[in-house]
Amino acid sequence: MKNKLELDLSYVSSFLGKDEMERMIPSLNAAQKTLNDGTGLGADFLGWLELPQNYDRVEYARVKKASEKIRNSCDVFIVVGIGGSYLGARAAIEMLSNNFRSLLDKEDRKGPVIFYAGNNMSAAYITELLEVVKDREICVNVISKSGTTTESAIAFRLIKDLMEKKYGKNGAAERIFATTDKARGALKQMAGAEGYECFTIPDDVGGRYSVLTSVGLLPIAVAGIDTDEIMKGALEACNDLKNEDLWENPALQYACVRNALYEKGKNVEILANFEPALCSFNEWWKQLFGESEGKDGKGIFPASTNFTTDLHSMGQYIQDGRRELFETIISIGSPSKDLTIEASEADLDGLNYLEGKSLDYVNQQAMKGTVLAHNEGGVPVIMINVPELTPYHFGYMAYFFELSCGLSAYYLGVNPFNQPGVEAYKRNMFALLGKPGYKLKDKK
């Protein structure tokens with residue numbers, strides 16, 4: 001799909017025959033039908049599937065209006081949430097902004113500095129955040145379906161206290177925006193009582209599939225990113241990727257190849273990139289696939305690397321370690337910026353042979369050299385070619401991976417939309433903290 005997203009499987013072919021992929025077509029098409037018909041496990045959470053066509057236009061208009069208000073009234077915007085409540089927005093903002101956005105003048109960065117809270121329980125982190133923001137103009141977006149997720153609830157309680165001391169209860173309420181359940185839950189109740197403007201997490205969209213809802217779109221819009229283009233890219237992906245022909249649908253191909261490699265003992269998938277702007281996209285991808293597939297004793301372990309940086313740490317293992325892994329590399333066709341390498345009279349660093357070449361060209365050759373080396377070392381490599389990093393392409397990529405994940409999980413035979421294992425640590429933590437109704441299991 002030229003100018004959109006393409007899969008290059010040439011570095012997989014020596015590990016996986018075309019006939020092996022074609023044998024999987026009936027099962028893949030069955031998974032596709034299960035997804036589209038809403039007949040599989042977790043079908044109550046399929047709202048993301050047609051979201052690019054059916055999203056709430058009225059709420060979307062409110063998101064854009066609120067983002068304008070936030071950009072005009074604060075220096076600092078704090079996004080309070082964990083997992084899918086913040087990862088998608090952070091992935092988009094970092095992908096589509098200057099790498100050093102927070103250091104730019106407000107006019108150049110097109111909005112406030114954005115910080116993230118409620119994604120850990122580090123006392124040092126939240127204390128230092130509060131110290132940094134206390135003398136600045138602040139707005140907050142607290143994101144939680146229930147309002148009782150421990151990490152986010154603690155962070156919000158502390159930030160809310162700071163803001164009420166700074167602005168008074170009414171002044172703080174004007175600067176706090178809640179994204180939560182449309183009708184129930186602790187955060188919804190608090191927002192109603194305090195007078196926060198509310199945005200909705202759709203009942204049929206789980207957190208890790210929610211980046212194209214108000215969950216992701218409000219922070220992204222606050223960053224000054226064109227959300228219309230994001231939704232346009234997602235809509236085109238939604239239409240393009242309905243094809244039932246394996247060889248015409250890259251989402252089906254990706255689900256097919258990763259499961260075929262898994263069946264051959266490749267238990268670890270590494271998502272790699274050669275652009276630092278994609279670092280948080282890696283984190284979003286890890287949650288998407290890790291929580292969707294890792295259950296019932298099944299699933300590919302999702303890991304990630306940022307090259308060339310990690311070639312000087314993880315590169316050795318990838319090249320010569322256990323042969324149970326494969327790579328998926330996101331390759332960007334055109335950089336957002338580039339530099340040309342000039343000659344130096346002394347050439348003490350020995351780089352004059354690169355005279356006249358662009359830095360992106362050097363980076364591209366590093367990528368090609370890495371792919372060849374890892375492939376020769378026994379690592380299958382899936383190449384995902386994206387023309388450039390734009391809001392349109394973010395929307396397209398987000399939908400591509402969401403759809404691929406749903407297809408892959410149904411092929412694997414697991415529910416893509418629940419996360420029962422996440423509750424285990426919470427039960428133990430609550431018991432250790434003395435929360436009423438919880439106790440540790442007796443050791444046998």
Side-chain angles (χ1 to χ4, degrees), residues 1 3-7 35 45-55 60 63 79 81 83-97 143 179 201-202 204-221 223 225-242 249-255 258 271 273 275 277-293 302 304 328 330-332 384-409 416-417:
M1 294 178 178
N3 301 319
K4 295 180 182 178
L5 179 151
E6 293 181 306
L7 251 65
L35 194 65
F45 290 92
L46 283 173
W48 59 272
L49 194 59
E50 299 296 329
L51 185 67
Q53 295 174 324
N54 300 332
Y55 65 92
Y60 181 68
V63 163
V79 178
S85 293
Y86 89 104
L87 281 171
R90 187 169 189 168
I93 292 166
E94 293 185 7
M95 177 190 291
L96 302 171
S97 303
I143 308 167
T179 308
I201 303 173
D204 56 358
V205 179
R208 57 188 177 273
Y209 293 84
S210 67
V211 65
L212 300 175
T213 71
S214 299
V215 170
L217 294 177
L218 178 59
I220 292 169
I225 293 166
D226 189 341
T227 53
D228 290 347
E229 280 294 299
I230 287 178
M231 297 308 290
K232 179 182 176 183
L235 177 59
E236 293 202 14
C238 180
N239 292 330
D240 291 344
L241 303 176
K242 293 181 186 297
N249 186 335
L252 267 180
Q253 286 179 43
Y254 182 49
R258 61 194 307 276
L271 185 71
N273 65 74
E275 284 293 341
L278 290 171
C279 181
S280 285
F281 191 86
N282 284 2
E283 298 304 308
W284 174 80
W285 173 89
K286 283 196 292 190
Q287 191 213 4
L288 178 66
F289 280 88
E291 273 197 350
S292 296
E293 292 189 323
S304 65
T328 297
I330 298 177
S331 170
I332 308 303
I384 297 180
N385 298 320
V386 179
E388 55 186 323
L389 295 181
T390 68
Y392 170 90
H393 290 100
F394 174 83
Y396 203 101
M397 290 167 67
Y399 191 87
F400 164 82
F401 279 114
E402 288 177 354
L403 181 62
S404 299
C405 186
L407 291 168
S408 185
F417 310 116

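Keep in mind that the numbers below use all heavy atoms, side chains included, and drop hydrogens, waters and symmetry copies. This chain uses plain numbering: 1 for the first residue, then up along the sequence.
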If I take atom CE from residue Met231 and atom CG from residue Leu217, how far apart are they, to the nearest 0.5 angstrom? 6.0 Å
What's the verdict on side chain to side chain contact (heavy atoms under 4.5 Å, CB included) for Leu271 and Lys286, showing C-alpha distance, side-chain angles and the deciding distance? CA-CA 8 Å; Leu271 185 71; Lys286 283 196 292 190; over 6 Å; no
Could you tell me whether the side chain of Tyr399 and the main chain of Leu49 form a donor-acceptor pair under 3.5 Å? yes
I'd like to know whether Ile384 forms a side chain to side chain contact (heavy atoms under 4.5 Å, CB included) with Leu7, so could you lay out the CA-CA distance, the side-chain angles of the two residues, the decisive distance to 0.1 Å, and finally the verdict. CA-CA 5 Å; Ile384 297 180; Leu7 251 65; 3.9 Å; yes
Let me see the working for Ile225 and Phe394 under side chain to side chain contact (heavy atoms under 4.5 Å, CB included), right down to the final yes or no. CA-CA 11 Å; Ile225 293 166; Phe394 174 83; over 6 Å; no
From Phe417 atom CZ to Asp204 atom CG, the distance as rounded to the nearest 0.5 Å: 10.5 Å
If I take atom SG from residue Cys405 and atom CZ from residue Phe400, how far apart are they, to the nearest 0.5 angstrom? 11.0 Å
How far apart are the C-alpha atoms of Ile230 and Asp226, what are their side-chain angles, what is the distance that settles it, and do they pass the side chain to side chain contact (heavy atoms under 4.5 Å, CB included) test? CA-CA 7 Å; Ile230 287 178; Asp226 189 341; over 6 Å; no
Any side-chain donor-acceptor pair under 3.5 Å between Glu293 and Ser408? yes
Quick check: closest heavy atoms across Ala89 and Gly216, and the distance to 0.1 Å? CB-O, 3.8 Å
Measure the CH2-CD distance between Trp48 and Glu50 for me, rounded to the nearest 0.5 Å. 9.5 Å
Shortest non-hydrogen pair, Ser304 vs Glu283, comes out as OG-OE2, 3.9 Å
Grab the two heavy atoms, one from Ser292 and one from Tyr209, that are nearest each other, plus how far apart they are. OG-OH, 3.0 Å
List the residues meeting side chain to side chain contact (heavy atoms under 4.5 Å, CB included) with Glu275, not counting sequence neighbours, and say none if there are none. Leu278, Ile332, Asp360, Asn363
Under the criterion side chain to side chain donor-acceptor pair (under 3.5 Å), which of Lys232, Glu236, Glu229 is the partner of Tyr392? Glu236
Any donor-acceptor pair under 3.5 Å from Gln287 side chain to Gly84 backbone: yes
Taking all non-hydrogen atoms of both residues, which atom of Val79 and which atom of Pro219 are closest, and how far apart? CG2-CB, 4.0 Å
Side-chain contact, heavy-atom cut-off 4.5 Å: Phe281 with Ile330? yes
Parallel, tilted or perpendicular: which describes the rings of Tyr254 and Phe401, with under 30° parallel and over 60° perpendicular? perpendicular
Holding to side chain to side chain contact (heavy atoms under 4.5 Å, CB included), I want the full list of residues that pass it with Leu51, two or more places apart in sequence or in another chain. Tyr55, Leu212, Thr213
With no hydrogens and no angle check, do the side chains of Tyr60 and Asp228 hold a donor and an acceptor under 3.5 Å apart? yes
Correct closest heavy-atom pair for Ala92 and Ile220 would be CB-CD1, 3.5 Å
Inter- and intrachain pairs under salt bridge (Lys or Arg N to Asp or Glu O under 4.0 Å), touching residues 393-407, at least two apart: none
Rounded distance (nearest 0.5 Å) linking atom CG of Leu407 with atom CG of Leu241: 9.0 Å
Gap between atom CG of Asp240 and atom CG of Leu403 - 0.5 Å precision: 11.0 Å
Nearest heavy-atom approach of Val211 to Ala398 is CG1-CB, 4.2 Å
